[in-house]
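For reference, the structure discussed in these notes is given below.
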Amino acid sequence: MKINGQIEFTITGKTPDHVTAEMPIQAGILNPFGTVHAGATLWFADVTATVLVLESFDATEGMKGFPLAINLNAHLTGNSKKGIFHAQAKYVKRGKSVSIVRTTVTDNNGRLVAEVTTSHVPSA
């Protein structure tokens with residue numbers, strides 16, 4: 001069995017305390033039921049949170065200090081078959097050794113799809 005998919009999204013806003021992003025719902029991220037696969041939703045939320053913790057740095061392969069996720073807690077509260085998912089990441093705690101970010105994912109109607117909390121530590 002061959003499985004193929006494509007996830008892509010756009011960072012639409014970035015400040016030191018807040019990152020927003022949009023992910024179009026497309027065939028490559030749908031599960032067999034026709035809704036967005038939970039893994040795609042979590043990936044979207046996690047990467048949006050990571051962009052926040054990166055602050056003004058651009059991620060490069062093997063970079064020192066890349067914010068590694070050490071914990072992820074998710075509540076999947078909804079889903080959709082079409083449209084765009086919107087993510088909003090904000091700090092719960094910004095720290096030197098551990099940062100905690102809460103990311104909400106909503107659909108086009110503003111309905112909550114996921115509430116994801118991630119903890120990040122800088123890589124050595």
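Considering CD1 of Ile25 and OG of Ser80, their distance stands at 4.0 Å, rounded to 0.5 Å. Considering NZ of Lys82 and OG1 of Thr35, their distance stands at 14.0 Å, rounded to 0.5 Å. Atoms OG1 and CD, from Thr48 and Glu22 in turn, are 10.5 Å apart once rounded to the nearest 0.5 Å. For the atom pair CG of Leu112 and OG1 of Thr77, the computed distance is 3.5 Å after rounding to the nearest 0.5 Å. Note that OG1 of Thr12 and CE of Met23 are 13.0 Å apart. Values are rounded to the nearest 0.5 Å.
Closest approach of Gln6 and Ile29 over heavy atoms only: O-CG2, 3.2 Å. Heavy-atom minimum distance, Leu54 versus Phe66: CD2-CD1, 4.2 Å. The shortest non-hydrogen separation linking Glu8 to Pro24 is O-CD, 3.5 Å. Here the shortest heavy-atom pairing between Leu76 and Ala114 reads CD2-CB, 3.8 Å. In plain terms, the two heavy atoms of Thr50 and Pro67 that are nearest each other are CG2-CG, 3.8 Å.
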Enumerate, atom names and distances included, each donor-acceptor pair closer than 3.5 Å involving a side-chain atom of residues 96-105, sequence neighbours excluded.
residue	atom	partner	partner atom	Å
Ser99	OG	Gly95	N	3.2
Ser99	OG	Gly95	O	3.3
Arg102	NE	Glu115	OE2	3.0

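Asn109 contributes no side-chain N or O that, together with a main-chain N or O of Arg111, makes up a donor-acceptor pair within less than 3.5 Å.
For the side chain to side chain contact (heavy atoms under 4.5 Å, CB included) test with Trp43, the passing option among Val47, Thr41, Asp46 is Val47; the others fail.
Taking hydrophobic clusters as Ile, Leu, Val, Met, Phe, Trp and Tyr residues chained together by side-chain heavy-atom distances below 4.5 Å, Phe44 does not share a cluster with Leu42. Cluster membership check: Phe9 shares its hydrophobic cluster with Leu30, using side-chain heavy-atom separations under 4.5 Å among Ile, Leu, Val, Met, Phe, Trp and Tyr.
Side-chain contact, His18 with Thr20: no donor N or O sits under 3.5 Å from an acceptor N or O.
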